[in-house]
> 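Pasting a structure here, questions to come.
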Amino acid sequence: QVQLVGSGGGLVQAGGSLRLSCAASGRTFSRYAMGWFRQAPGQEREFVAAISWNGGSIYYADSVKGRFTISRDNAKNTVYLQMNSLKPEDTAVYYCNAKDYYCSGYVCLSSGGPQDYWGQGTQVTVSS
């Protein structure tokens, strides 16, 4: 069983920055692929960023490339999402995602479903 606790959301003006954190329980965190997804009101959940278990593969949604950076610290069982140059359209609830099964490549890492573990979500609001 994996528990994910996200934090770091808040209200920021357009052009500002936030850093989200997701702390994971479990002795085998270093073996999990991790990711971030978001869901805006009235919209479906969408992929934001993902990182493989060893950090060797990283993927981003086109909408955040060049502005967001995903990273992980396996010693702290934590994954981060640094968000710069925020836009009002980045406003959403951001969910941390963990996969405790083999998953590589963009197709797998950018997908999320009931077989994965999810954090409780953290609200990010960007004002114009």
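The analysis underlying the following values was restricted to heavy atoms, covering all of them including side chains, and did not include hydrogens, waters or symmetry mates. Heads up: numbering here begins at 1 and tracks the sequence.
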> Taking all heavy atoms of A14 and all of P88, pick out the closest pair and write down the distance.
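Where A14 meets P88 most closely, the heavy atoms are CB-CD, 4.1 Å.
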> Going from OG1 on T91 to CZ on R38, what distance comes out if it is rounded to the nearest 0.5 angstrom?
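Interatomic distance, T91 OG1 to R38 CZ, rounded to 0.5 Å: 9.0 Å.
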> Evaluate the side-chain proximity of F68 to N84: yes if any heavy-atom separation is below 4.5 Å, no if none is.
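Answer no - side chains too far apart.
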> Report yes or no: do I70 and L86 belong to one cluster of Ile/Leu/Val/Met/Phe/Trp/Tyr joined by side chain heavy-atom distances under 4.5 Å?
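I70 clusters together with L86.
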> For the ring pair Y95 and F37, is the centre-to-centre distance below 6.0 Å?
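No, the ring centres sit 6.0 Å or more apart.
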> Judged by atom type as modelled, is there a donor-acceptor pair below 3.5 Å linking the side chain of W53 to the main-chain atoms of D100?
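No, the answer is negative, given that no donor and acceptor are paired below the 3.5 Å cut-off.
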> Could you state the interatomic distance from OH (Y60) to OG (S110), rounded to the nearest 0.5 Å?
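Rounded to the nearest 0.5 Å, the OH-OG separation comes out at 14.0 Å.
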> When you group the ILVMFWY residues by side-chain heavy-atom contacts below 4.5 Å and let the links chain together, are W118 and V48 in the same group?
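As far as the 4.5 Å side-chain criterion goes, W118 and V48 are not connected within one cluster.
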> May I ask you to test the Y32-N74 pair for a side-chain heavy-atom distance under 4.5 Å?
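Y32 does not reach N74 side chain to side chain.
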> Assess R19 against Y80: is NZ or CZ under 6.0 Å from the centre of the six-membered ring, and within 45 degrees of the ring's axis?
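Yes - R19 lies over the ring of Y80, closer than 6.0 Å to its centre and within 45° of its axis.
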> Are side-chain heavy atoms of Y117 and Q3 found at a separation under 4.5 Å?
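Y117 does not reach Q3 side chain to side chain.
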> Just checking Y101: does its OH atom have more than 12 heavy atoms from other residues, nucleotides or ligands closer to it than 6.0 angstrom?
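Yes - once you tally the heavy atoms of other residues, nucleotides and ligands closer than 6.0 Å, there are more than 12.
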> Between CG of N77 and OG of S30, what distance do you get to the nearest 0.5 Å?
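It comes to 8.0 Å.
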> Is there a path of hydrophobic side-chain contacts, each under 4.5 Å between heavy atoms of I, L, V, M, F, W or Y residues, that connects V64 with L81?
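Yes, one cluster joins them.
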> Is K65 salt-bridged to D62, going by a charged N under 4.0 Å from an acidic O?
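Looking at D62 together with K65, the answer is yes, because their closest N to O distance falls below 4.0 Å.
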> Hey, what do you get for OG (S17) to CD (Q82), rounding to the nearest 0.5 Å?
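S17 atom OG to Q82 atom CD measures 5.5 Å (nearest 0.5 Å).
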> Looking at every non-hydrogen atom in both residues, tell me the closest pair between D90 and R67 and how far apart they are.
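Closest heavy-atom pair between D90 and R67: OD2-NH1, 2.7 Å.
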> Do L18 and V124 touch side chain to side chain, with heavy atoms closer than 4.5 Å?
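The answer is yes, as the side chains (C-beta and beyond) meet within the 4.5 Å cut-off.
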> The test is side-chain contact (heavy atoms from CB on, under 4.5 Å); show your working for V79 and C96 and say whether it passes.
CA-CA 8 Å; V79 64; C96 179; 3.9 Å; yes
> Evaluate whether atom CD of E44 has more than 12 neighbouring non-hydrogen atoms of other residues, nucleotides or ligands under 6.0 angstrom away.
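No, because the 6.0 Å sphere around CD of E44 holds 12 heavy atoms or fewer from other groups.
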> Do R45 and V93 come close enough that some side-chain heavy atom pair is under 4.5 Å?
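Heavy-atom side-chain distance check fails, nothing below 4.5 Å.
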> On the ring face of F29, is R72 found with NZ or CZ under 6.0 Å from the centre and within 45° of the axis?
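The answer is yes; both the distance and angle limits are met.
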> Would you give the length of the straight line joining atom OG of S71 to atom CD1 of I51, rounded to the nearest 0.5 angstrom?
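Between S71 OG and I51 CD1, I get 6.5 Å after rounding to 0.5 Å.
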> Going through the checks in order, is the side-chain contact (heavy atoms from CB on, under 4.5 Å) test met by M83 and Y94?
CA-CA 12 Å; M83 305 185 294; Y94 283 69; 3.9 Å; yes
> Run the side-chain contact (heavy atoms from CB on, under 4.5 Å) test on Q39 and E46 for me, step by step, so that the C-alpha distance in whole Å, both residues' side-chain angles and the decisive distance to 0.1 Å come before the verdict.
CA-CA 6 Å; Q39 187 168 20; E46 65 175 4; over 6 Å; no
> Could you walk me through whether K99 and M34 satisfy the side-chain contact (heavy atoms from CB on, under 4.5 Å) test, starting with their C-alpha distance in whole Å, then the side-chain angles of each, then the deciding distance to 0.1 Å, before giving a yes or no?
CA-CA 6 Å; K99 304 179 189 302; M34 301 295 297; over 6 Å; no
> Quick one: pull up OG1 in T125 and CG in L11 and give me the separation to the nearest 0.5 Å.
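Going from the OG1 atom of T125 to the CG atom of L11 covers 6.0 Å.
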> Treating T122 as the side-chain partner and G9 as the backbone partner, does any N or O pair qualify as donor plus acceptor under 3.5 Å?
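Side chain of T122 to backbone of G9: a pair is present.
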> Establish whether I58 and L109 are linked, either directly or via other cluster members, by ILVMFWY side-chain heavy-atom contacts under 4.5 Å.
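No, I58 does not connect to L109 through the hydrophobic network.
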